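As structure tokens, the structure follows; a few thoughts come after it.
Note on naming: letters A, B, ... go to the chains in the order of the sequence lines (proteins, then strands), and numbering restarts at 1 for each one. All values derive from a computational prediction rather than experimental measurement.
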Amino acid sequence: MKLLVLDGNSLLNRAFFGIKLLSTKSGDFTNGIYGFLTMFRKIYDETEPDAVAIAFDMRAPTFRHKQYAGYKSNRKGMPEELAQQLPVLQQLLKDLGYRIVTCEGWEADDILGTLSAAAEREGSACVIATGDRDSLQLVSSATTVRLMSTKFGQPQVTVYDEAKIMEEYGVTPHQMIDLKALQGDSSDCIPGVAGIGPKGAGELVQKYGSLENIYNNLDDPEIKPAARRKLEASKDNAFMSYELGTIRRDAPIETDLSQYVPTSGDPQSAGSTMVRLELFSLIEKFGLTAAPAQETTVAAGRPEVIELPDGAPLLARLEDAGAACFYCHWDKSGELLSLIFAHKDILWRVTPDSAFLLAFFTNPLIKKHTHDIKPLHRLALSMGCKLESVSLDTALAAYLLNPSATGYDVLRLAAEYSVPLPDFEQEEYNCAAVMPGLCQALQKAIDGNNQRELLENIEIPLSFVLAQMEHIGFYVDSESIKEYGEKLQKEVESLHDSIIEQVGYDFNINSPKQLGEALFEKLGLPHGKKTKSGWSTNADVLESLRPMNPVVDEILRYRTVAKLKSTYCDGLLKVIGPDGRIHSSFNQTETRTGRISSTEPNMQNIPVRTPIGRELRKFFAAEHGVLVDADYSQIELRVLAHVANDPAMREDFLQGHDIHASTAARVFNMPQELITSQLRSRAKAVNFGIVYGIGAYSLSQDIGVSVKEADAYIKEYLRNYSGVDAYMKEVADSARETGYVEDMFGRRRYLPELKSSNFNMRSFGERVARNMPIQGAAADIIKIAMIRVSRRLEAEGLKARMILQVHDELIVECPQQEQEQVKALLTEEMEQAVNLSVPMVAEANAGKTWYDAKG
DNA sequence: GTATTCACG
DNA sequence: ACGTACGTGAATACG
């Protein structure tokens, strides 16, 4: 018989601080349960035990980390969250069929000791898995300790048997107690002998064998006088430490090992818990199925699958039904392999041919319910037709329900919303089979959140507009980009040579580490501020170093030019399509605020702030006619004025004042005429900060005044804009109460951070609570505008097409003769998209290139 | 894979 | 006592 005993508390601690979730989406916490189960699985597979016991302390776990990193510096959570995870983990382990052992008044270590002793008595082997070294004293010929650690977020194991302990400590396992009694252990509050550390303790124990024997031989001349004095002074402490450090082996717990043989547990409950925790990768490893209990029993086996080489006969049935619920099976290259309709408990697998697709797409009598509609819109566009009557997209619905999820795969959603899963071999059949249930569950949830308007009038129509923008693309002058890139390359090389010459040796300027060495060691410049794996070399730091050495200027210039060359010139050239245009992807379910994001390439971060960067925009052009670029003016501040119903701010916007100058006049208590450009720009920074949830320190950094002064600005701001002050307090309070924030359209974001005990994380939650309703509403407003613009361009029979959105900016490409009409149309639709208590203002400009069209 | 830096709103 | 504004994506270095 082989017994595996886990030290639950210490492993959970290790797991929480060490094992990282696979997801990289910012804001994810390290999940202790995930880490624990990962470690557990690894140990289990390596040891193949017959019996398993998992020991926990009765009291809440304690933590040895003195400091917990905040939200920004890394994304780990903090112990309070871990304490909340503990009961969940224990129940999960029980459901998995393992026995949890706790004992009032006894520590987990004592349980390890008692069970290993029981195993030894029975002549069984025992493996102890733990994260700390206290249990090494339990090692024997029958008992080994597997010490868990983490490296790069992955679990690592070191196996300790008698030989390994001798090799590492030079003592027997039992002598580990004597060792600890001498050297102490601050984390366990074991004093030891003051002044004796690991080295001294090791020598003494090796020579005399035990603590007792050391004190019996205190007169031995080989003991140095200093050591003797220390030993004498701490004699009581030493023997007390011995008692404290000895793990007890007589805890009143079940010692019949057969009682620890795993049972079948409650796999359905375990499965549904793991789904709830989003531990999808582990479900398989533990041999569970994703679907929760009752559904698996309800699921009446697999639906029938009917292959339809020609889908035409199905169309009439779908038209009769008035709706189609289906799943699109795409291959990796983006080819549509099949459409699988879930209709009347049958899966109809249709091989798509263009006649069928055309008839299906354009039939307005068939309402489409599917998952991820945008690629299908694009397919329709590429066929020259339009996909009509989309009424539900499960990915978009799930995004509205929780924009913070890491992904929106059909099967994951099915598990989350408790839709029964048939176990087809082919994944696409499973996906199609869950669609009707998933649609129903999501519709219900959307209605429950009052998000139907948002889904049906914003997100679903928008997906078509985004597909259109992707399909049309943005023309670029690739030859000119190439030339510009070569010019930049020359400058990069000459800057490189000059920098290397001034520093005095060759190094990689792109490496922050090597650059730090060059600046702070070789050149002896003051290593500014921030660290973490070295000194920071970011632009802020370099800026402050600029007056001290001319090479810093060239490094800054090098960074700028190298960035333009690699990210923009090289990066853009790589993604130009055969039609000479760039077809970016717009992701509609990525951001937590409701904005869209752009990838491959990111068209929303093309340089504009510096003259040299802005040059690039000369290569983004209208292929034939012109570009019309329309911008919202101060959209976020206008939204704030409206939602906070702030009289002063509303007045400023209603009167058409320059908002930053007006803010300056209020905050600095001066007449408008006396506001200098410096004061205006400070007020602008304050306005910015308010939208982000401001802190005096950051504001002071931003505008270069003292923290005290910045704090005074904020106070004065809130005094003048009392509506904003009240709103900011109210929104955070309501978020704490409900656990989420909402914008004026019902777009929602959950904020678990607000419950955190970590100041930084909680503060982050509060700032997000203040910012999201503003950023989210602004995102919704421009989404509404996009839909209206797109519809009007079509209704008015214009050739003009929207090709890009950059958060508060829309770009349309059109023939020269449509220019004025399009400018008016854009301005009008953007301004009329919503009716707030302050006017919305948009301005449009036209030009041959993006550079020219941007005012 | 993670960290750093920097581009945008 | 602590770190320091919201939301993104891409390139690069490095273990």
Quiz item: Is A:Ser633 reaching over with its side chain to a backbone N or O of A:Val841, donor-acceptor style, under 3.5 angstrom?
Solution: no

Quiz prompt | Members of residues 768-776 of chain A that approach DNA chain B, where some heavy atom sits under 4.0 Å away | solution = A:Gln775

Self-check item: Salt bridge present between A:Arg581 and A:Glu813 (N-O < 4.0 angstrom)
Solution: yes

Quiz prompt | A:Ile635 CD1 to C:dG7 P, straight-line distance once rounded to whole Å | solution = 18 Å

Exercise. Kindly indicate whether the side chain of A:Asp702 and the base of C:dA5 share any N or O donor-acceptor pair separated by less than 3.5 Å?
Key: yes

Quiz item: Atom CG of A:Asn508 and atom P of C:dA11: how far apart are they, to the nearest Å?
Solution: 17 Å

Quiz item: Quick one: does A:Thr591's side chain have a donor or acceptor within less than 3.5 Å of a partner on A:Gly594's backbone?
Solution: yes

Quiz item: Closest to the A:Thr591 side chain: B:dG9, C:dG15, C:dT8?
Solution: C:dT8

Quiz prompt | Interatomic distance, A:Asp808 CG vs B:dC8 P [rounded to whole Å] | solution = 13 Å

Quiz item: Whole-Å distance between B:dC6 P and A:Leu488 CG?
Solution: 17 Å

Quiz item: So does A:Glu600 have more than 12 non-hydrogen atoms from other groups sitting under 6.0 Å from CD?
Solution: no

Self-check item: Residue A:Tyr697, side-chain atoms from C-beta onward, closest of C:dG7, B:dT5, C:dT4
Solution: C:dT4

Quiz item: So, does A:Arg638 use its side chain to make a donor-acceptor pair with the main chain of A:Met840 at under 3.5 Å?
Solution: no

Quiz item: Which one, C:dA5, C:dA11, C:dG9, comes nearest to the side chain of A:Arg767?
Solution: C:dA5

Exercise. Return the value, rounded to whole Å, for the distance between atom CG of A:Leu556 and atom C1' of B:dA7.
Key: 15 Å

Self-check item: Side-chain donor/acceptor of A:Arg609 to base of B:dG9, under 3.5 Å
Solution: yes

Exercise. Let me know the distance between CZ of A:Arg617 and P of B:dC8, rounded to the nearest Å.
Key: 8 Å

Quiz item: Between A:Lys513 and C:dG15, is there a side-chain N or O to OP1/OP2 distance below 4.0 Å?
Solution: yes

Exercise. Figure out the CD/C1' separation between A:Gln604 and B:dC8, and round it to whole Å.
Key: 8 Å

Self-check item: Duplex segments of DNA chain C, taken as runs of at least three Watson-Crick or G-U pairs that stay under 3.5 Å
Solution: B:1-9 with C:6-14

Quiz item: Which word best sums up how the rings of A:Trp850 and A:Phe620 line up, parallel for under 30°, tilted for 30 to 60°, or perpendicular for over 60°?
Solution: perpendicular

Quiz item: Checking only heavy atoms, does the side chain of A:Arg592 share a donor-acceptor pair with the base of C:dG7 at less than 3.5 Å?
Solution: no

Quiz item: What's the closest nucleotide to the A:Thr567 side chain, out of C:dC14, C:dA11, C:dG9?
Solution: C:dA11

Quiz item: Would you say C:dC14 has OP1 or OP2 under 4.0 Å from some side-chain N or O of A:Ser511?
Solution: yes

Quiz item: C:dG9 phosphate, OP1 or OP2: any side-chain N/O from A:Ser597 under 4.0 angstrom?
Solution: yes

Exercise. Using the side-chain hydrogen bond (donor to acceptor under 3.5 Å, both in side chains) rule, take A:Ser597 and A:Glu590 through it: C-alpha gap first, then chi angles, then the decisive distance, then the call.
Key: CA-CA 7 Å; A:Ser597 79; A:Glu590 185 62 37; 5.3 Å; no

Quiz item: What does A:Ala778 touch in the nucleic acid at a heavy-atom separation under 4.0 angstrom: a base, only the sugar-phosphate, or nothing?
Solution: nothing

Quiz item: Which one, C:dA10, B:dC6, C:dA13, comes nearest to the side chain of A:Asn602?
Solution: C:dA10

Practice problem: Go through C:dT4, B:dA7, C:dG7 for me and flag the one nearest to the A:Ser698 side chain. | Solution: C:dT4

Quiz item: A:Arg749 side chain N/O closer than 4.0 Å to the phosphate oxygens (OP1, OP2) of C:dG7?
Solution: yes

Quiz item: C:dG7, C:dC14, C:dA11: which one has an atom nearest the side-chain heavy atoms of A:Gln514?
Solution: C:dC14

Exercise. Taking atom P in both C:dC2 and B:dT5, compute the distance separating them and give it to the nearest angstrom.
Key: 22 Å

Quiz item: Among C:dG3, C:dA5, C:dT12, which is the nearest nucleotide to the side chain of A:Asn510?
Solution: C:dT12

Quiz item: If only side-chain N and O atoms of A:Ser536 are considered, is one of them under 4.0 Å from the OP1 or OP2 phosphate oxygen of B:dT5?
Solution: yes

Quiz item: How far, in whole Å, is B:dC6 from C:dA1 if one measures between their P atoms?
Solution: 32 Å

Self-check item: Short side-chain to backbone donor-acceptor contact, A:Gln514 and A:Asn508, under 3.5 Å
Solution: yes

Exercise. Give the nucleotide from the list B:dC6, C:dG3, B:dG9 with an atom nearest to the side chain of A:Phe759.
Key: C:dG3

Practice problem: Mind checking A:Glu600 for me? I need base, sugar-phosphate or nothing, with any heavy atom below 4.0 Å counting as a touch. | Solution: sugar-phosphate

Quiz item: Is a salt bridge present between A:Glu493 and A:Lys490, judged by a nitrogen-to-oxygen distance below 4.0 Å?
Solution: no

Practice problem: Could you check whether A:Gly693 gets within reach of a base, just the sugar-phosphate, or nothing at all, counting any heavy atom under 4.0 Å? | Solution: nothing

Quiz item: Taking the inter-plane angle between the rings of A:Tyr692 and A:Phe688 on a 0 to 90° scale, is it parallel (under 30°), tilted (30 to 60°) or perpendicular (over 60°)?
Solution: perpendicular

Quiz item: When all nucleic acid strands are considered with a 4.0 Å heavy-atom cut-off, which category describes A:Ser763: base, sugar-phosphate, or nothing?
Solution: nothing

Quiz item: Given the P atoms of C:dG3 and B:dT4, what is the spacing between them in whole Å?
Solution: 14 Å

Exercise. Nearest whole angstrom, please: distance from the C1' of C:dG7 to the CZ of A:Phe688.
Key: 12 Å

Exercise. Kindly point out which of B:dG9, B:dC6, C:dG9 is positioned nearest to the side chain of A:Arg559?
Key: B:dC6

Self-check item: Under-4.0 Å salt bridge between A:Asp553 and A:Arg557
Solution: no

Quiz item: Distance only, no hydrogens: is a donor on one side chain within 3.5 Å (strictly under) of an acceptor on the other, for A:Tyr713 and A:Glu709?
Solution: yes

Exercise. Quick one: label A:Val691 by what it contacts on the DNA or RNA (base, sugar-phosphate, nothing), any heavy atom closer than 4.0 Å.
Key: nothing

